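What you see is a predicted model, and the numbers here were worked out from it, not measured in a lab. Throughout, numbering of the chain's residues begins at 1 and tracks the sequence.
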Amino acid sequence: MSVPLLPRETGKFIAENSKDVFVETVGVKTLAEKLFEKIGRNEITLKGWKSLHELNPLDSGEDAVNWVFFADTLNFSFWSESEEKKYIVKYKGKEYSGYWSFCAAMNRALDEGIPLTTASYYSSITLDQLKYVLRSNSDTPIPMIEQRLEILHQTGKILMDKFGGSYLNCIKMSNGSAVKLLQLVVENFPSYRDVGTYKGKLVAFYKRAQILVGDTWGVLEGKDEGCFNDIEKITMFADYRIPQALVYFGALRYSEELLRKLNEGWLFNYGEEQEIEIRGCSIWAVELICERLRELFENEGKKMSNEINPVLIDHFLWDYARDYRLEINVVPFHRVRCIFY
């Protein structure tokens, strides 16, 4: 069986061969300089995972890491067909949409006493129970509910059979290595195997698996079992929002044909060439941004902390795309319905 290129190598290979998506050197440098200023003002930090996102767990115990595992197991396909057809969840007097509506639904269920993040519960949850947990406060339900149910059953059973029912045991087996944790996740949980074929090579993106590692690092605040000595080897999480932000900032450029499709609201298939190029070039653009940041630190006689890495750059760009979506939607995001992002 062929072994896929890991995400960083995937990004490099795709960027070197891409026909419709291009990494722009000038834009990469300009964005790196903007990020460098924000790092200097402490606007991009690991602490932001908890302090900037009110729905994320505040503690760092076993319940918190199991929350993260459940969230990232279903962390896919929250985009809406239009502004009028959004999956909305009201929680503690506030309305949430997109991924945060899902997190709000999770917390709502936990507040109601439903043991949602316990593997023994979700491994046998019924469709009606899941529909209740993820119920919408708008007329638009969460997409792909049947696929979410199937993944929960499969993942919950594997977690119980192989890891004693707790994601914390999986983390402990990684021995302080983000790469090892990534390998454990993709080897044991099929729904995390985000792999495609490009120019005859198997290429891996591992978006949800990598975000799971990044969120584990965030919830554990880089301490104890979450003190990963190689966190910088995790790339950005190749989804539909970060490429949009990278094009907006000039770090990526799309061909005229691809732009036409995006403006027409084209629905791409998971694994088709242009979709793969968007994701792969996004990974490589962020890797080059990190390289430029390292140079900027060195120019000031400093060493860049491994806390400044593709994970935190992804967090910043995703939040920016979310907070300034009216401004950033000048560049349409690419639409794909799949379980991988």
Side-chain angles (χ1 to χ4, degrees), residues 5-41 43-45 48 198 203-207 210-211 214 231-256 258-259 262 274-325 327-334 341:
L5 295 175
L6 289 174
R8 189 179 195 277
E9 288 68 39
T10 286
K12 186 173 189 292
F13 175 69
I14 292 171
E16 288 171 347
N17 292 279
S18 178
K19 295 187 299 183
D20 286 290
V21 185
F22 311 96
V23 179
E24 297 287 275
T25 303
V26 173
V28 162
K29 290 182 176 179
T30 301
L31 182 50
E33 285 158 12
K34 288 180 181 178
L35 293 170
F36 187 67
E37 291 173 7
K38 290 186 175 295
I39 292 165
R41 296 195 295 265
E43 292 179 33
I44 302 177
T45 66
Y198 182 75
V203 291
F205 299 97
Y206 295 152
K207 182 263 179 180
Q210 291 207 117
I211 204 169
I231 188 64
E232 74 283 355
K233 291 183 180 177
I234 301 300
T235 73
M236 61 79 71
F237 319 129
D239 68 351
Y240 50 90
R241 282 294 183 197
I242 306 300
Q244 185 186 31
L246 290 169
V247 174
Y248 174 80
F249 283 114
L252 285 186
R253 177 173 58 85
Y254 292 157
S255 70
E256 290 299 319
L258 180 52
L259 275 174
L262 294 171
Q274 288 178 328
E275 183 258 359
I276 279 180
E277 289 186 356
I278 291 171
R279 298 181 79 199
C281 289
S282 297
I283 289 175
W284 191 238
V286 173
E287 291 298 311
L288 294 180
I289 288 167
C290 277
E291 285 184 15
R292 179 56 183 157
L293 281 171
R294 198 168 290 108
E295 291 173 1
L296 291 170
F297 274 96
E298 288 171 358
N299 291 345
E300 292 197 354
K302 301 174 184 176
K303 184 179 179 182
M304 187 168 82
S305 163
N306 74 340
E307 187 176 300
I308 304 302
N309 53 48
V311 173
L312 287 194
I313 292 171
D314 182 289
H315 289 175
F316 170 79
L317 292 173
W318 194 89
D319 286 343
Y320 190 97
R322 174 80 188 176
D323 295 342
Y324 296 92
R325 58 186 178 276
E327 174 186 324
I328 216 165
N329 278 345
V330 173
V331 182
F333 64 83
H334 71 286
Y341 67 99

Decide yes or no on side chain to side chain contact (heavy atoms under 4.5 Å, CB included) for F205 and I283, but give the supporting numbers first. CA-CA 9 Å; F205 299 97; I283 289 175; 3.9 Å; yes
Go through I39 and L312 one step at a time and tell me if the side chain to side chain contact (heavy atoms under 4.5 Å, CB included) criterion holds. CA-CA 10 Å; I39 292 165; L312 287 194; over 6 Å; no
Quick one, T235 with L6, criterion side chain to side chain contact (heavy atoms under 4.5 Å, CB included). Give me CA distance, side-chain angles, the key distance, then yes/no. CA-CA 10 Å; T235 73; L6 289 174; over 6 Å; no
Report the C-alpha separation of I328 and F333 in whole Å, then their side-chain angles, then the decisive distance to 0.1 Å, and conclude whether the side chain to side chain contact (heavy atoms under 4.5 Å, CB included) test is met. CA-CA 9 Å; I328 216 165; F333 64 83; over 6 Å; no
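In this structure, A238 and Y341 approach most closely via the heavy-atom pair O-CG, 3.8 Å. Y198 and S18 get closest at one heavy-atom pair: OH-CA, 3.3 Å. In terms of heavy atoms, Q244 sits closest to P332 at NE2-C, 4.1 Å. Of all non-hydrogen atoms in M236 and P310, the two that sit nearest each other are N-CB, 3.6 Å. Contact record, V311 with G214: CG1-CA, 4.1 Å, taken as the closest heavy-atom pair.
E298 meets the side chain to side chain donor-acceptor pair (under 3.5 Å) test with no other residue; sequence neighbours excluded. Every residue two or more places apart in sequence or in another chain that forms a side chain to side chain contact (heavy atoms under 4.5 Å, CB included) with E295 is listed here: R292. A search for salt bridge (Lys or Arg N to Asp or Glu O under 4.0 Å) contacts involving K34 returns nothing, not counting sequence neighbours. Here Y248 pairs with nothing under the ring-ring contact (aromatic ring centres under 6.0 Å, His included) rule; sequence neighbours left out.
Remark: the E327 side chain and the Y320 side chain contain an N/O donor-acceptor pair separated by less than 3.5 Å. For the residue pair E277/N17, the side-chain donor-acceptor check at 3.5 Å is not satisfied.
Within the 3.5 Å criterion, the main-chain N or O of A204 finds a donor-acceptor partner in the side chain of T10. Listed for the Q210 side chain is no donor-acceptor partner under 3.5 Å among the backbone atoms of F237.
Here C281 contributes atom SG and K12 contributes atom NZ; the two are 12.5 Å apart, rounded to the nearest 0.5 Å. Note that CZ of R8 is 15.5 Å distant from CZ of F13, once rounded to the nearest 0.5 Å. Atom CD1 of I211 is separated from atom CD1 of I234 by 11.5 Å, given to the nearest 0.5 angstrom. With values rounded to the nearest 0.5 angstrom, W318 atom CH2 is found 8.5 Å from D239 atom CG. For the atom pair K207 NZ and I242 CD1, the distance stands at 9.0 Å (nearest 0.5 Å). For the atom pair CZ of F36 and CG of N299, the computed distance is 8.0 Å after rounding to the nearest 0.5 Å.
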Compile the donor-acceptor pairs under 3.5 Å between side chains in residues 20-32 and protein atoms, sequence neighbours left out, one pair per line.
from : atom 1 : to   : atom 2 : distance (Å)
D20  : OD1    : S255 : OG     : 2.6
D20  : OD2    : Q274 : NE2    : 3.3
T30  : OG1    : V26  : O      : 2.9

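Residue pairs that meet the salt bridge (charged side-chain N to carboxylate O under 4.0 Å, His left out) test with at least one member in residues 301-323, sequence neighbours left out, are E300-K302.
Ring planes of H334 and Y240: perpendicular class, angle over 60° (limits at 30 and 60°).
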